Asker: 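Encoded as structure tokens, here's the structure I'll be asking about.
Nothing here was measured: the structure is a model prediction, and the numbers come from that model.
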Amino acid sequence: MDACDTHEVLNQAPPFVDMNLYACDPALQEALAREGGGWAAPGLEALGARFGSAAVQELARLANLHGPTLASFDRVGRRIDEPEFHPAWHALMAIAVEAGLHAAPWSEARPGAQVARAAGYLLLGQAENGVQCPLTMTYAAVPALRLAPALAAAWLPKILSRDYDPRPLPLHAKRGALVGMGMTEKQGGSDVRANTTRATRLASGEDTAAGEGAWRIVGHKWFYSVPQADAHLVLARCEGEADGGLGCFLVPRFLDDGRRNAVRVQRLKDKLGNRSNASSEVEFCGALGWLIGEPGRGIATILEMGSHTRLDCVLGSAGIMRAALCQALHHARGRLAFGKPLADQPLMRNVLADLALESEAATAFALRLARCFDEGDDPAQALLGRILTAAGKYWICKRGPGFGAETMEVMGGNGYVEDGPLARLYRELPVNSIWEGSGNVMCLDLLRALGKSPQAAHAVLAAELAPAALLDARFAAHVAALLDSLAAHATIEEGARLLAEQIVVAVQAALLLRHAPPCVGQAFLLSRIVQPVGGAYGRLPAGIDFGAIMARALPMS
């Protein structure tokens, strides 16, 4: 050191970059193979290396540092409503679209396609979460669009393309297209039946360039996700129809003749997290839209989209939790405190092992849920998928913020500041609980799924949990009590959150008891079933092999 230097930088872990996020995650690899997506392993290994690279992690930092801005007018005063993004955003989107994370299960349908896409999406969640919103909505729009064959014929070839094309152009001039969604209004929020946006059929000859079947839409949306998307699925009240109910409309950003559709972006939302992504408020000033499904059946139509977006909320939270865990483990192994690495301190080992259990359980659950989507033609798997989507979106997304806070605490002040990724990851975690149905909405949806066919719901849950119940008498007793009380609890709205938690934790325990190493399965059983789930981490009982759990969570290179 120079005589005037005050210190050297010592006792700091290097950045967690240039790590293959797939290769360092045994739990993800095993779940992929177990749930039917093993054929995708080579591609996911390549994707894991790319998302874990220093270059992509830097893109994520830049995309968040330089968030989107809104250009309402061009230089001569024409209204353009154009969100503008840093080049890093476009680079991340191009990687994700090229990987098919927006559409692969629809363009290359095969057994395990949903599971394979879920694993890739979970890897993306460890790099940057803002780009997940447009990918999710595009992916989820496909089943809804297929309800309108003429629209599907025009739009699906561009939606299924792996060529990211952000240019603001009509569909026919694009190499690829993305889809957003507009449901929420100021006065309604989750209660979309309170929507006031209205749609009226165009009279013959009213707009000859619009073609057949167009409706004119007037109203507003309080949250209009991804305003730069090429089209949005929008709920509006069908005026002049028998019941005046809500319809679901495809509202393109540009019309075929090159005109901008009359969708006025009022402002971009200033959000807590998800800052690289644009969310907006808009007004429809006579915008043109085309009906998907039947008039008055808009909510049912949009639910074709909602189940898939909720799957992605589970995957998104599981991915962020995994990223935060890796940061905490990596730091603890590289940081000395009181004479030895943090990762060797007994209480810290308890915390890290407990976090590792939570992350692995979320990953296992998420990919099991994705298999329900792969096997949706099976009525039992379809029902299980509906139950687990609602319960899982509630519980796993709800566990996220506390998980992120605990990993931040592992790193202390270095975790809290914006120089590293943990602060950004922490700010991302609440959105998956809020978006696409808050916790209460999800729990009420769970009650509806259970109540629609109580005997069938009991049967599919029993079938899912039974193999693990054969492995441990304590778990068998827990399962029996849960199933015995299922019908009664499914009618008590006030207890819906606890019921959702119990279902998810039981399914997670079953997966880990059957498929994870005994040190993982037994530790999860003891800390989540034998004793109630706690609000904090680091509550694992004596006798747990902390070291083995930590080594599995992030193998030492």
Asker: Return each pair, listed once, that meets ring-ring contact (aromatic ring centres under 6.0 Å, His included) where at least one residue sits in residues 251-289; pairs must be two or more places apart or across chains.
Answerer: Tyr224-Phe284

Asker: With a 4.0 Å cut-off, would you call Arg310 and Asp312 a salt bridge?
Answerer: no

Asker: What residues, two or more places apart in sequence or in another chain, satisfy salt bridge (charged side-chain N to carboxylate O under 4.0 Å, His left out) together with Arg424?
Answerer: Glu128

Asker: For the OG atom of Ser276 and the CG atom of Leu92, what is their distance to the nearest 0.5 Å?
Answerer: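 The OG atom of Ser276 sits 7.5 Å away from the CG atom of Leu92.
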
Asker: Hey, is CD on Glu82 packed in by over 12 heavy atoms from elsewhere, all under 6.0 Å?
Answerer: yes

Asker: In a table with atom names and distances, give each donor-acceptor pair under 3.5 Å that connects a side chain of residues 392-400 to protein atoms at least two apart or in another chain.
Answerer:
unit_1	atom_1	unit_2	atom_2	d
Lys393	NZ	Asn432	O	2.7
Lys393	NZ	Ser433	O	3.2
Lys393	NZ	Trp435	O	2.9
Lys393	NZ	Gly437	O	2.7
Arg399	NE	Glu358	OE2	2.9
Arg399	NH1	Gly534	O	3.2
Arg399	NH2	Glu358	OE1	3.0
Arg399	NH2	Tyr537	OH	3.4

Asker: If the threshold is 4.0 Å, N to carboxylate O, is there a salt bridge linking Arg264 and Glu283?
Answerer: no

Asker: Look at Lys271 together with Glu428 and state whether they make a salt bridge at an N to O cut-off of under 4.0 Å.
Answerer: no

Asker: Go through the structure and list residues passing salt bridge (charged side-chain N to carboxylate O under 4.0 Å, His left out) with Lys174, not counting sequence neighbours.
Answerer: Asp230

Asker: Working to the nearest 0.5 angstrom, can you tell me the gap between Leu147 CG and Met305 CE?
Answerer: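 Atom-to-atom, Leu147:CG and Met305:CE are 12.5 Å apart.
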
Asker: Do any side-chain atoms of residues 440-456 form donor-acceptor pairs under 3.5 angstrom with protein atoms, and if so which ones, sequence neighbours left out?
Answerer:
unit_1	atom_1	unit_2	atom_2	d
Asn440	OD1	Arg497	NE	2.8
Asn440	OD1	Arg497	NH2	3.0
Asp445	OD1	Arg386	NH2	3.2

Asker: If a pair satisfies ring-ring contact (aromatic ring centres under 6.0 Å, His included) and one of its residues is in residues 287-316, list it, with sequence neighbours excluded.
Answerer: Trp106-His308, Tyr139-His308, His308-Phe373

